[in-house]
Amino acid sequence: MDIEQKQAEVIDHFVKQASVLKGPALVPLIVEATSNPSLFAFSEILSVPNVLELEGTENSVYVGLLRLFAHGTWSDYKSNADRLPQLSADQVLKLKQLTVLTQAETDKVLPYSQLMQELDVTNVRELEDFLINECMYAGIVRGKLDQLQRCFEVQFAAGRDLRPGQLGNMIQTLSDWLSTSDNMLLSIQEKIKWADGMSESDKKHRKDVEDRIEEVKKSLSLKADDFRGHEEIYSEPGGVMDYEEDRTRPKRRRHPM
């Protein structure tokens, strides 16, 4: 089972649970969701009406916790730790994994120095172990560790929840891409049309050349037939050439016996 399918099943489970629980009963569910090793998207849970009803109550910090895991990073937590519940070890690990995904959204080459700062990692060995064991083995990223250049080259990264306002930018980006694709398609069609025209022109030119060659062959064949006809006339026994040769050949004198 791939990570997308597994995550979809986990999301569906938590959404169904959140739809039947209310008030304080939702707190353990939110903690469980933000600790689950297979869950990296939280907007569906965050949009459940029962969860949103926690806003303005003594448990509203758990809505903030869900928003942090949906859109935030480890640095965001450190900046707002006094307004959020204390994280367990599993939640810290999950948030740092999500931080790597956020970094990979905009850059495909991540310097070790940048990652170490964002993840609060003190040495390269610890960072590489984290990327290998907690990110690549988990299936959320694929890439290459370049120890010489001290960077992580991202080849694939799972997507995170869309941040507020990000949908509009994404739609605009997709619209621009679609427009560019349409223009490229028109250009390709014009080139195909031009190539087809050139192909027809080449075929006509080739046909003209072949016809000309055939004409030359026929002409040479007729001339060869005429030449062979004359050759046969002049080479027949008793023909003109033989007769002329007999007239011009000196006669032998016979010596007396």
Side-chain angles (χ1 to χ4, degrees), residues 3-4 6-19 21-107 110 114-122 126-127 130-131 133-135 138-141 152 154 157-170:
I3 185 173
E4 289 83 3
K6 186 175 182 180
Q7 181 164 230
E9 294 180 357
V10 175
I11 290 172
D12 185 61
H13 164 75
F14 281 108
V15 168
K16 287 178 178 179
Q17 291 295 314
S19 300
L21 298 175
K22 280 186 173 292
L26 285 166
V27 172
L29 183 72
I30 293 173
V31 172
E32 182 185 354
T34 53
S35 304
N36 190 289
S38 299
L39 186 59
F40 295 90
F42 303 89
S43 60
E44 287 90 344
I45 304 171
L46 190 57
S47 64
V48 174
N50 290 358
V51 173
L52 294 176
E53 288 176 1
L54 292 177
E55 291 275 26
T57 70
E58 60 181 4
N59 294 310
S60 61
V61 291
Y62 288 94
V63 180
L65 183 66
L66 268 180
R67 290 198 178 101
L68 172 70
F69 276 76
H71 314 300
T73 64
W74 175 243
S75 294
D76 293 329
Y77 173 74
K78 290 190 298 179
S79 300
N80 298 278
D82 57 335
R83 295 190 293 275
L84 292 167
Q86 185 174 354
L87 300 185
S88 67
D90 289 338
Q91 288 173 314
V92 170
L93 171 60
K94 173 61 61 63
L95 192 54
K96 288 187 176 183
Q97 289 173 315
L98 293 169
T99 299
V100 173
L101 295 183
T102 296
Q103 296 294 313
E105 283 181 353
T106 54
D107 298 307
L110 305 177
Q114 175 183 328
L115 289 172
M116 290 169 67
Q117 180 178 354
E118 290 293 329
L119 300 174
D120 272 346
V121 174
T122 57
E126 184 181 355
L127 173 64
F130 179 81
L131 292 174
N133 298 326
E134 308 299 346
C135 296
I140 60 173
V141 296
F152 178 51
V154 180
R160 293 197 64 181
D161 294 300
L162 293 177
R163 291 181 290 277
Q166 193 176 14
L167 181 60
N169 293 333
M170 182 172 290

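Keep in mind the model is a prediction, meaning the values are calculated, not measured. Scope of the values below: all heavy atoms of this structure, side chains included, with no hydrogens, waters or symmetry mates.
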Chemist: Got a sec, which residues hit ring-ring contact (aromatic ring centres under 6.0 Å, His included) with F69, two or more places apart in sequence or on another chain?
Modeler: F42

Chemist: For a side-chain contact (heavy atoms from CB on, under 4.5 Å) check, start with the C-alpha distance between I140 and L101, then their side-chain angles and the critical distance, and finish with the verdict.
Modeler: CA-CA 8 Å; I140 60 173; L101 295 183; 4.1 Å; yes

Chemist: Working note: L115 + V121, criterion side-chain contact (heavy atoms from CB on, under 4.5 Å); need CA distance, chi angles, decisive distance, verdict.
Modeler: CA-CA 8 Å; L115 289 172; V121 174; over 6 Å; no

Chemist: Would you please name every residue forming a side-chain hydrogen bond (donor to acceptor under 3.5 Å, both in side chains) with S47, sequence neighbours left out?
Modeler: none

Chemist: List the residues meeting side chain to side chain contact (heavy atoms under 4.5 Å, CB included) with L21, not counting sequence neighbours, and say none if there are none.
Modeler: A25, L26, L29

Chemist: Indicate the atoms forming the closest heavy-atom contact of T102 with G72, along with that distance.
Modeler: OG1-O, 4.4 Å

Chemist: Atom CZ of F40 and atom CD1 of I11: how far apart are they, to the nearest 0.5 Å?
Modeler: 11.0 Å

Chemist: Which pairs count as ring-ring contact (aromatic ring centres under 6.0 Å, His included) when at least one residue sits in residues 72-104, sequence neighbours excluded?
Modeler: W74-Y77

Chemist: Can you tell me how far the CD atom of Q7 sits from the CD atom of E9, to the nearest 0.5 Å?
Modeler: 11.0 Å

Chemist: State which residues pass side chain to side chain contact (heavy atoms under 4.5 Å, CB included) with N133; sequence neighbours excluded, sorted by chain then number.
Modeler: D129, Y137

Chemist: Identify, with sequence neighbours excluded, every residue that meets salt bridge (Lys or Arg N to Asp or Glu O under 4.0 Å) alongside D76.
Modeler: none

Chemist: Between atom CD of Q17 and atom CG of D12, what is the distance when rounded to the nearest 0.5 Å?
Modeler: 10.5 Å

Chemist: Going by the rule side chain to side chain contact (heavy atoms under 4.5 Å, CB included), which residues pair with S43 if we only count those two or more places apart in sequence or in a different chain?
Modeler: D161

Chemist: Return the minimal non-hydrogen interatomic distance between V63 and L54, and the atom names on each side.
Modeler: CG2-CB, 3.6 Å

Chemist: Heavy-atom distance under 4.5 Å between the side chains of V61 and R83, does that happen here?
Modeler: no

Chemist: Taking all non-hydrogen atoms of both residues into account, name the closest pair between L66 and I30 and its distance.
Modeler: CG-CG2, 3.7 Å

Chemist: Which residues pass the side-chain hydrogen bond (donor to acceptor under 3.5 Å, both in side chains) test with T122, not counting sequence neighbours?
Modeler: E126

Chemist: Applying side-chain contact (heavy atoms from CB on, under 4.5 Å) to Q97 and F130, what does each step give before you reach the verdict?
Modeler: CA-CA 9 Å; Q97 289 173 315; F130 179 81; 4.2 Å; yes

Chemist: Any salt bridge linking K96 with D120? Criterion: basic side-chain nitrogen under 4.0 Å from a carboxylate oxygen.
Modeler: no

Chemist: Would you list the pairs meeting salt bridge (Lys or Arg N to Asp or Glu O under 4.0 Å) in which at least one residue belongs to residues 34-56, sequence neighbours left out?
Modeler: K22-E53, E55-R67

Chemist: Between N50 (side chain only) and S19 (backbone N and O only), is there a donor and an acceptor less than 3.5 Å apart?
Modeler: yes

Chemist: Tell me every residue that passes salt bridge (Lys or Arg N to Asp or Glu O under 4.0 Å) with D107, counting only those two or more places apart in sequence or in another chain.
Modeler: none

Chemist: Suppose we screen for side chain to side chain contact (heavy atoms under 4.5 Å, CB included). Which residues come up paired with Q117, at least two apart in sequence or across chains?
Modeler: none

Chemist: Distance check, rounded to the nearest 0.5 Å: N80 atom CG versus L65 atom CG?
Modeler: 12.0 Å

Chemist: Any side-chain heavy atom of L119 within less than 4.5 Å of one from L127?
Modeler: yes

Chemist: Strictly by modelled atom types, are E118 and S75 linked by a side-chain donor-acceptor pair under 3.5 Å?
Modeler: yes

Chemist: Return all side-chain donor-acceptor pairs below 3.5 angstrom for residues 84-95, not counting sequence neighbours, or 'none' if the list is empty.
Modeler:
{"residue": "S88", "atom": "OG", "partner": "Q91", "partner atom": "N", "Å": "3.3"}
{"residue": "S88", "atom": "OG", "partner": "Q91", "partner atom": "OE1", "Å": "3.4"}
{"residue": "Q91", "atom": "OE1", "partner": "S88", "partner atom": "N", "Å": "2.8"}
{"residue": "Q91", "atom": "NE2", "partner": "T34", "partner atom": "OG1", "Å": "2.8"}
{"residue": "K94", "atom": "NZ", "partner": "N36", "partner atom": "O", "Å": "2.1"}
{"residue": "K94", "atom": "NZ", "partner": "L39", "partner atom": "O", "Å": "2.8"}

